[in-house]
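Step one of this worksheet: look at the structure below.
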Number of protein chains: 2
Amino acid sequence: MAGRNARSGKEQQDKPRDPQAVLALLWGEQEQPTRGPKPTLSPQRIAAAAVELADAQGLDAVSMSKVAAEFGVSAMALYRYVPGKAELVELMIESVLAEVPDLSAAEGDWRAATRLWARRCLDLYRAHPWALAATAMRRQAMGPHQLRWLDAAHAALEPTGLPAAQRHQVFVLVVGLVRSLAQQTADFDADQDREWNRLTAEVLRRHADRFPALTRAIAEGAFEPDGTDPLDFGLDRILDGVEALVAGRP
Amino acid sequence: MAGRNARSGKEQQDKPRDPQAVLALLWGEQEQPTRGPKPTLSPQRIAAAAVELADAQGLDAVSMSKVAAEFGVSAMALYRYVPGKAELVELMIESVLAEVPDLSAAEGDWRAATRLWARRCLDLYRAHPWALAATAMRRQAMGPHQLRWLDAAHAALEPTGLPAAQRHQVFVLVVGLVRSLAQQTADFDADQDREWNRLTAEVLRRHADRFPALTRAIAEGAFEPDGTDPLDFGLDRILDGVEALVAGRP
DNA sequence: GCTGTTGTGTTTACGGTATATACAGTTGGT
DNA sequence: ACCAACTGTATATACCGTAAACACAACAGC
């Protein structure tokens with residue numbers, strides 16, 4: 001990848017915004033001024049409005065002017081509170097992560113605790129489908145809520161007795177599953193989905209010879225819902241695998 | 001915007017483009033005309049140029065005019081070959097998936113075959129970091145190359161003897177891991193990354209009491225590279241879990 | 001050969017985006 | 001009271017995707 005600068009998301013990049021300022025924003029650690037008129041907004045209120053917009057109409061609907069319109073102010077007013085749109089999205093993510101999962105009910109039981117964590121995380125992605133796309137590129141800045149989630153995951157996995165590095169690998173595994181599942185159900189429109197499935201199935205039938213295994217799998221009903229919860233299934237596999245590692249089974 | 005339509009990506013949505021036309025484009029199944037001037041371009045060449053651009057400068061750099069400029073034509077010329085930008089991105093993905101992994105070396109060994117598949121997939125995401133963001137929203141259209149990858153995965157997992165629905169769940173699990181890992185290393189800029197880590201570590205130290213487990217994990221070196229390949233580790237867990245399922249171990 | 005149809009690439013234009021800049025009004029510290 | 005600091009606004013720039021109208025090119029049928 002030679003040089004730097006091969007970003008992917010729609011936000012940020014070439015504009016090397018002051019990292020320290022971004023972190024201060026995320027952590028709410030900027031001292032507020034005493035002079036001047038009282039601010040009518042706050043980064044948090046702006047982010048909350050943006051989240052509402054994104055929840056209702058998707059991430060595309062979140063533009064500076066539309067968010068500003070929610071408060072009846074001009075688009076440029078937002079720049080008094082937020083350095084730019086990229087940072088607004090970071091704040092949106094942080095805002096959505098506000099309620100950290102309470103794993104105390106599963107105290108000491110790392111399987112139950114991890115299950116609970118994953119379930120909460122998936123709920124969150126389901127409630128805010130835009131969060132998937134918003135976090136699709138590597139984000140550099142982590143706010144307190146995000147770190148609290150990370151902390152909760154590590155706390156859940158501590159009873160395994162695994163070294164920290166391996167705990168983190170397990171965490172990556174679980175997040176991967178959750179995001180993968182969230183993506184499957186994001187923005188699900190039944191009618192439209194059916195139409196696409198129909199057309200894809202048709203074209204697949206016409207080229208069945210090029211996709212033998214897939215054709216067999218479909219014939220076997222691989223894509224029909226089979227009653228089991230996909231998250232439970234995936235977690236069972238992962239946690240079984242982890243348990244084998246913990247137990248030192250060969 | 002009542003019901004549906006809460007998309008997340010930056011592309012498509014409210015414009016209900018003809019699904020059949022999109023599939024025909026992806027599958028190269030549109031009959032070409034006999035009349036009129038010879039086309040100077042093709043959807044494939046356009047997609048290839050766009051991929052080159054995205055590889056070099058990120059997905060943001062892929063705009064109709066920039067892609068068109070690569071051929072010395074006007075932006076609107078592209079619309080003779082591609083319905084719109086969303087479809088161009090679909091073509092880019094399809095283009096990048098062109099070389100389907102050859103799993104014949106691992107014939108019959110589902111663990112080795114799955115490993116190989118995952119490795120190829122991760123290589124692909126590493127080579128084209130923008131693909132992560134480009135596939136972050138639910139894509140409806142699947143081209144032949146994409147289906148070949150899916151077919152290969154199912155073929156790899158067939159020897160497990162698991163029912164097709166469970167094979168697919170395992171596939172989801174593996175994809176989740178690969179994407180999760182790809183995201184960690186996407187757009188990695190060593191200097192910048194160090195700076196962010198430094199600042200985050202500092203702010204974390206200041207609030208260590210709120211993140212006890214995370215603080216312990218960091219002290220234990222959870223984020224230092226430990227020599228083991230993260231993909232291998234994750235796959236070992238997943239495949240151990242699957243093997244337990246296959247063996248019917250309680 | 002000619003003519004008409006069809007497909008090509010271009011130009012122009014519109015509405016949208018993020019955001020830099022210059023400004024006018026408000027407030028508190030001095 | 002004054003000034004510095006801070007607020008929100010208006011204006012302007014440079015993009016973006018793409019709709020529409022156009023001029024030209026090449027084959028089909030005559």
### Task
For Arg80(B) and for Pro83(A), find the nucleotide of DNA chain C with the closest heavy atom, then tell me which residue's nucleotide is more 5'.
Arg80(B)

### Task
Go through the structure and list residues passing side-chain contact (heavy atoms from CB on, under 4.5 Å) with Pro212(B), not counting sequence neighbours.
Asp151(A), Arg216(B)

### Task
Measure from CG on Leu41(A) to C1' on dG8(D) and round the result to the nearest Å.
10 Å

### Query
With nearest nucleotides of DNA chain D determined for Lys38(A) and Pro37(B) from heavy-atom distances, which residue corresponds to the more 5′ nucleotide?
Lys38(A)

### Task
Applying salt bridge (charged side-chain N to carboxylate O under 4.0 Å, His left out), name anything that partners Arg148(B), two or more places apart in sequence or on another chain.
none

### Message
Please report the interatomic distance CG(Leu26(A)) to CD1(Ile93(A)), rounded to the nearest 0.5 Å.
### Response
9.0 Å

#### Entry: Partners meeting side-chain contact (heavy atoms from CB on, under 4.5 Å) with Ile218(A) (sequence neighbours left out)
Leu204(A), Leu214(A), Phe223(A)

### Query
Can you tell me how far P of dA14(D) sits from CG of Asp60(B), to the nearest Å?
20 Å

### Query
Is the backbone N or O of Val62(A) less than 3.5 Å from a side-chain atom of Lys85(A), with the two atoms forming a donor-acceptor pair by type?
yes

### Task
Measure the distance from OH on Tyr79(A) to P on dT9(D) and round it to the nearest whole Å.
14 Å

### Message
If you take any heavy atom closer than 4.0 Å to DNA chain C, which residues from residues 64-75 of chain B end up in contact?
### Response
Val73(B), Ser74(B)

### Query
How many Å lie between CD on Glu87(B) and P on dG17(D), as a whole number?
13 Å

### Message
Treating Ser95(A) as the side-chain partner and Leu91(A) as the backbone partner, does any N or O pair qualify as donor plus acceptor under 3.5 Å?
### Response
no

#### Entry: Distance, rounded to the nearest Å, where Tyr81(A) contributes OH and dT19(C) contributes P
18 Å

### Query
How close or far is atom P of dA19(D) from atom NZ of Lys85(B), stated in whole angstroms?
15 Å

### Task
Please report, rounded to the nearest Å, how far the C1' atom of dA24(C) is from the CE atom of Met76(A).
15 Å

### Message
Can you list, in residue-number order, the parts of residues 28-36 of chain B that come under 4.0 Å of DNA chain C, counting heavy atoms only?
### Response
Pro33(B), Arg35(B), Gly36(B)

### Task
With rounding to the nearest 0.5 Å, note down the distance linking SG in Cys121(B) to CG in Leu116(B).
11.5 Å

### Query
Between atom CG in Leu78(B) and atom P in dT8(C), what is the gap in whole Å?
13 Å

### Task
List in chain and number order the residues that pass ring-ring contact (aromatic ring centres under 6.0 Å, His included) with Phe171(A), two or more places apart in sequence or in another chain; answer none if no residue qualifies.
Trp117(A), His168(A)

#### Entry: Pair Arg179(A)-Thr135(A), side-chain donor/acceptor within less than 3.5 Å
yes

